[in-house]
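Reckoned from all heavy atoms, side chains included, excluding hydrogens, waters and symmetry mates. As the structure is a computational prediction, the values presented were derived from the model and not from experiment.
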Amino acid sequence: MKGEQKRNYSEVTEFILLGFRTPPKFQVLLFLVFLMIYMVAVVGNVSMIMIIKMDSRLQTPMYFFLRNLSYLDLCYSTVIAPKTLANFLTSEKKISYNGCATQFFFFVLFATTECFLLAVMAFDRFSAICSPLLYPVHMSQKVCIQLVTGSYICGCINSMVQTGFTFSLHFCAENRLDHFFCDVPALIKISCVDTFVNEIVLFILSALIIISTTTIILVSYGYILSTVLKIPSTHGRSKTFSTCSSHIIVVSLFYGTVFFMYAQPGSISSSKQNKIVAVFYTLIIPMLNPLIYSLRNRDVKDAAQKIFGGKCSQ
């Protein structure tokens, strides 16, 4: 079927994002819900970046990585949210071919970089807890910058490969994407050529990224758990492991949704499931991350109270 279509294709110049197929009156409600989620994500992540930058007590590797995590959350939610919000209020839910490719490239870049950054953050906690005397050497400012830069490089490589493979496909006369943004499963689904290679590349790259970063996280926390269990006092164990609890929650949320979305054969999941999961990792997780770290971290709470409380009292 796809082979027959390919012989008479006329390449598309724009896509129609079908988004959430609900009556018009619910589109306004969805707009308000998405707007609220996005605004909380923006305020939360910008606040986290400001707090860490302004408080001298938070100038440590752990908070350096956390600041970069907030920046990534802010970036990749911003790649998706504005266009999605605009489409709720218009009948022409269009995005140009180049606009779709650009949105796809930056989304994959920031999301992949976050995968590697979460692994780096686990390694940071391993170094701090298991090798405290060597921690200043293992996590010097130079090393921290190199680790973050390396995460971006890995994200950029994956993004270039994914974008190159995906947008080398022919889409013929079909330009309706059953999604609210340009994501690879939806793009593959409407292609009029054989997509077997693309699906294999997507699966292999996703599996490699998830397996490699998950292995680093699991090994790091394996050593952390072994070290924590050797601490004689219950209070000492609780205090030491509490520094990791926020990261564990964030990792579980992010990797759970990413694995569900990209590391399984496309035939298993439906477009409706994909949209719901996509809302979770593109908007809800970026909103939750600063809340998780601020509510569960006394240093961040004290710094926020000092900065914003001080400004309010002036």
Side chain to side chain contact (heavy atoms under 4.5 Å, CB included) between Phe126 and Ile216, worked out: CA-CA 10 Å; Phe126 157 75; Ile216 294 171; over 6 Å; no
Over all atoms of both residues, closest heavy-atom pair of Pro61 and Met139: CG-O, 3.4 Å
Nearest heavy-atom neighbours spanning Phe165 and Val201: CE2-CG2, 3.8 Å
Is it the case that the side chains of Tyr293 and Ser70 hold a donor-acceptor pair, with the cut-off being a distance below 3.5 Å and no angle test? no
Backbone N or O of Gly99 within a donor-acceptor pair of the Ser96 side chain at under 3.5 Å? yes
Closer than 3.5 angstrom, by distance alone: can the side chain of Ser159 be matched with the main-chain N or O of Gly155 as a donor-acceptor pair? no
Side-chain heavy atoms of Arg125 within contact of Ile224, under 4.5 Å: yes
Determine, step by step, whether Thr78 and Tyr38 satisfy the side chain to side chain donor-acceptor pair (under 3.5 Å) criterion, reporting the C-alpha distance in whole Å, the side-chain angles of both residues, the deciding distance to 0.1 Å, and the verdict. CA-CA 8 Å; Thr78 300; Tyr38 178 57; 3.0 Å; yes
Would you say the side-chain atoms of Ser131 pair up with the backbone N or O of Ser127, donor to acceptor, closer than 3.5 Å? no
Taking atom types as modelled and ignoring hydrogens, do the side chains of Asp124 and Tyr135 form a donor-acceptor contact shorter than 3.5 angstrom? yes
So, for Phe106 and Tyr76, is the gap between ring centers shorter than 6.0 Å? no
Pairwise distance CG(Asp302) to CZ(Arg57) - rounded to 0.5 angstrom: 6.0 Å
Gap separating the CG atom of Leu117 from the OG1 atom of Thr213, nearest 0.5 angstrom: 11.0 Å
Could you go through the side chain to side chain donor-acceptor pair (under 3.5 Å) check for Thr166 and Gln162 one step at a time? CA-CA 6 Å; Thr166 302; Gln162 292 281 8; 4.5 Å; no
Tell me if a side-chain donor or acceptor on Lys83 pairs with a main-chain N or O of Lys94 at a distance below 3.5 Å. yes
Run the ring-centre check on Phe104 versus Phe181 and record whether the distance is less than 6.0 Å. no
Any donor and acceptor pair, going by atom type alone, linking the side chain of Ser206 with main-chain N or O of Phe203 inside 3.5 Å? no
Under 3.5 Å, is there a donor-acceptor pair between the side chain of Ser191 and the main chain of His170? yes
Okay, side chain of Asn45, backbone of Met287: is any donor-acceptor separation there less than 3.5 Å? no
Between Asp194 (side chain) and Phe196 (backbone), is there a donor-acceptor pair under 3.5 Å? yes
Nearest 0.5 Å, what's the CD-OG1 distance between Gln27 and Thr90? 10.5 Å
Looking only at non-hydrogen atoms, find the nearest pair between Ile285 and Tyr281 and report the distance. CD1-CA, 3.9 Å
For the residue pair Leu18 and His179, establish whether any side-chain heavy-atom pair is separated by less than 4.5 Å. no
Any sub-3.5 Å donor-acceptor pair from Gln59's side-chain atoms to Ile52's backbone N or O? yes
Are the charged groups of Asp178 and Lys275 less than 4.0 angstrom apart, N to O? yes
Using every non-hydrogen atom in the two residues, find where Cys192 and Phe171 come nearest and quote the distance to one decimal. SG-C, 4.0 Å
Are Tyr223 and Phe123 near enough that their ring centres are under 6.0 Å apart? no
Ile129 and Cys244 have their tightest heavy-atom pair at CD1-SG, 3.6 Å
Determine whether Leu288 and Val33 fall in the same hydrophobic cluster, where Ile, Leu, Val, Met, Phe, Trp and Tyr are linked whenever their side-chain heavy atoms lie under 4.5 Å apart. yes
Has the side chain of Lys93 got a donor or acceptor atom that lies under 3.5 Å from a matching backbone atom of Leu17? no
What class does the angle between the rings of Phe20 and Phe34 fall in, given that below 30° is parallel, 30 to 60° is tilted and above 60° is perpendicular? perpendicular
Which value, rounded to the nearest 0.5 Å, describes the distance between Asp73 atom CG and Ile49 atom CD1? 9.0 Å
Out of curiosity, Ser246 OG to Leu291 CG, how far, rounded to the nearest 0.5 Å? 11.0 Å
Can we call the ring centroids of Tyr152 and Phe116 under 6.0 Å apart? no
Using a 6.0 Å cut-off, check whether atom CZ of Phe64 has over 12 heavy atoms from anything other than its own residue. yes
On the 0 to 90° scale, with breaks at 30° and 60°, tag the Tyr97-Phe15 ring pair as parallel, tilted or perpendicular. parallel
What are the two closest non-hydrogen atoms of Ile51 and Ala303, and how far apart are they? CG2-CB, 3.6 Å
Gap between atom CG of Leu283 and atom OG1 of Thr84 - 0.5 Å precision: 7.0 Å
